[in-house]
Protein chains: 2
Amino acid sequence: MATIADVARHAGVAPSTVSYALSGKRPISESARRRIDDSIRTLGYRPHAGARALASSKSNVVALMLPLRDDMHVPTLLQFATGVVTAARGHDHDVLLLTHDEGGDGISRVATGSMADALVVMDVEREDARIPVLRTLDRPCVLIGVAGDAGELTSVDLDFVAAGELAVDHLAELGHRHVGLVGQPPSVYSRRTGFADRFIEGFTAASQRHGARVAVRPCEFTYAGVATAVEALLAELPELTALVVHNEHAAPMLLETLSSMGRKVPDDISIVSMCTDDVAERMRVPLTSIAIPAAEIGSRAVDMVMNKLHGREAPGLTLLPPRLARRDSTAAPTGR
Amino acid sequence: MATIADVARHAGVAPSTVSYALSGKRPISESARRRIDDSIRTLGYRPHAGARALASSKSNVVALMLPLRDDMHVPTLLQFATGVVTAARGHDHDVLLLTHDEGGDGISRVATGSMADALVVMDVEREDARIPVLRTLDRPCVLIGVAGDAGELTSVDLDFVAAGELAVDHLAELGHRHVGLVGQPPSVYSRRTGFADRFIEGFTAASQRHGARVAVRPCEFTYAGVATAVEALLAELPELTALVVHNEHAAPMLLETLSSMGRKVPDDISIVSMCTDDVAERMRVPLTSIAIPAAEIGSRAVDMVMNKLHGREAPGLTLLPPRLARRDSTAAPTGR
DNA sequence: TTGAAAGCGCTAACAT
DNA sequence: ATGTTAGCGCTTTCAA
């Protein structure tokens, strides 16, 4: 393996000149630069990451801590990760993957051990044991999601309150006055991750504004769970003409359940679904949907953490606005 | 940040003694060890990863290169990743995440730059541009999947040939003689990733052995695609009584399609599905299935690459045996 | 059982 | 515009 000294010798310059040529931190003459580039190429030189980290106290690595729970929507999770990796590479950083269950220990191992010089942490809960750890760190971090007691920790997320409102606004504009919400599994609410509650908050607020009557039910990822939720909603709101689904797994099951109950979408029941566009488009009835811009959130998180790394100020909380894509599952309610 | 020198001073020993206490590479007196442990704790000392990598030429990092294509089954992908991360932590390694599209450059950056001292690469295709790169590396790597020209590169995978056979064996034992295969999307076959072809290979071989008549159709992840595939299979094999589905996304759609065609599962048509157990269990009719043991494959890959790292020999190709879980979607064909 | 000291390969003052 | 050099924090020989 060639070292910077080999390159310097080969190019007839000092090691520092090679270093500066690489970093661009000081001007290099055209001729020197050419010789250096050549030498690098012919020797197949790559800087040793560890040596570099030691000398510069920068690892050029950002740690990404992901939940690998089975009540999460995995494709969305991977979109976050993709956004993070892509943005990180754009900032010339690599990504170290940590799992949620490594907890605060994992975070401090990676941070204190100088493996990573910045952190992106997903799915932080209220009262999360990792928050105190994150606070004591000398390294910048950004949370994806809105932690209850995040204090001045920086975070990015979709504006789930606005998403809940947007769903109801759309339905209300179409004339719906009785709307049910098929929610996340109970475990998600009891974890108090926040996003699910925030969605309900927006949903409820908008309903009141529109004078619509609403009901809310959590929902498991099973046909039985979906059927139970739908029945409960109908029992509570017999005149229900629209459903909002905040549950990516349940959406296809919901469509099937409604069809087996003889309710047509959107003729009898309109549906607005929180899900990725490709899921919405693949459904038997393409769903009007609000997507979680997961890749964008991931890359924003990295941009923000890089800003902090470079001493620039980053906003405390960034909420991305939701966008609704109108498809075939929503229509005006038919007169009764 | 405390250094090893700080710890040594605080404990009244030489830095090297601290180092040896940490690595266990030479005996340390009980008293010294106790003092060192204390000092480490009170100073909150963590070895600097870069310094360690520089001095020892070991990064204690394994790179994981994942495909982030949208024709893959994402939950399965994440299970691979989880298996890799868990096993890596068990070997005291961290995981650096690379995406497929970084290609050979990404691999050599990470390897030649000494960021990672071992690599796990998923979803290598026949004629993959990364294989020559992998070959020239001084670092051990293990492929997940079976590359066509992998030569003496080490790889692990499910034995997809055996899986294809197992599916047919099960159906043949029940008495089925006319079996259709609903396959992966065409793009998967044209990429020649191998696993899909190997499944067909086993499927076909077993069918011949049992004297069963078969037909095969690729299948997109859409209702239209599923309907087309099913119709084509029925046209080719009018007496069809069983389907094998090698397509996790299509499985739920298939069930719905059959039901809308008035064909009952398993009374009219039996189904064996390649999919994770929780998907199989959540279906309206719980599916008899063969799971890809993704987490296990991931952790085996890491175990193997660690073996190589320690100079131990690793097998060229490891194929894990498939296991079939009998559920409610298969039964003997009803007499006609 | 322990210490002293020479690097590992790079960066960044400090010189010129 | 470029060279010299002193570390960065650790591991590991060599010596005791």
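In what follows, chains carry the letters A, B, and so on, assigned in the order in which the sequence lines appear, proteins first and then strands, with residues in each chain numbered from 1.
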So how far is it from A/D157 CG to A/I292 CD1, rounded to the nearest 0.5 Å?
8.0 Å
Can you tell me the distance, in whole Å, between the CE atom of A/M1 and the C1' atom of C/dC10?
16 Å
To the nearest angstrom, how far is A/I36 atom CD1 from D/dG3 atom C1'?
12 Å
Atom pair distance, as rounded to whole Å: NZ in A/K58 and C1' in C/dA12:
11 Å
Any salt bridge linking B/R9 with B/D6? Criterion: basic side-chain nitrogen under 4.0 Å from a carboxylate oxygen.
yes
Rounded to the Å, how far apart are A/R9 CZ and D/dT2 P?
19 Å
Considering only heavy atoms and no angle criterion, is a donor-acceptor pair shorter than 3.5 Å present between the side chain of A/Y20 and the base of C/dA12?
yes
Using only heavy-atom distances, decide whether a donor-acceptor pair under 3.5 angstrom links the side-chain of B/R26 to the base of C/dT2.
yes
Closest to the A/R52 side chain: C/dC10, C/dT2, D/dC8?
C/dC10
Heavy atoms only, 4.0 Å cut-off, all strands: where does A/A32 land among base, sugar-phosphate and nothing?
sugar-phosphate
Which nucleotide wins on minimum distance to the side chain of A/A14, given the candidates D/dT4, D/dG9, D/dT2?
D/dT4
Examine distances only and state if a side-chain atom of A/R198 and a backbone atom of A/D159 form a donor-acceptor pair shorter than 3.5 Å.
no
OP1 or OP2 of D/dC10 less than 4.0 angstrom from a side-chain nitrogen or oxygen of B/S56, does that happen here?
no
Length of the line joining A/L43:CG and C/dC10:P, which is rounded to integer Å:
12 Å
Between A/H48 (NE2) and D/dG9 (P), how many Å, whole number?
17 Å
Using a heavy-atom cut-off of under 4.0 Å over every strand shown, decide if A/R46 touches base, sugar-phosphate, or nothing.
sugar-phosphate
Taking every heavy atom of A/D117 against every heavy atom of A/L309, the minimum-distance pair comes out as O-CD1, 3.3 Å
In whole Å, what is the span from the CE atom of B/M115 to the C1' atom of C/dC10?
14 Å
Check ion pair A/D303-A/R300 (N to O, under 4.0 angstrom)
no
Could you tell me whether B/S19 contacts a base, only the sugar-phosphate backbone, or nothing, with contacts defined as non-hydrogen atoms closer than 4.0 Å?
base
Residue closer to the 5' end of DNA chain D, B/A51 versus B/K25 (nearest nucleotide)
B/A51
At under 4.0 Å between heavy atoms, what does A/G113 touch on the DNA or RNA strands: base, sugar-phosphate, or nothing?
nothing
Which residue, B/I28 or B/L54, contacts DNA chain C at a nucleotide closer to its 5' end, judged by nearest heavy atom?
B/I28
Whole Å only: how far is the CD1 atom of B/I4 from the C1' atom of D/dC8?
14 Å
Hey, does the side chain of B/Y45 come within less than 4.0 Å of D/dC10's phosphate (OP1/OP2), counting only N and O?
yes
If you take all heavy atoms of B/L78 and A/L77, which pair is closest and at what distance?
CD2-CD2, 3.5 Å
Does the D/dT4 base have a donor-acceptor partner in the side chain of A/S16 within less than 3.5 Å?
yes
Assert: residue with more 5' nearest nucleotide on DNA chain C, out of B/A55 and B/R35, is B/R35
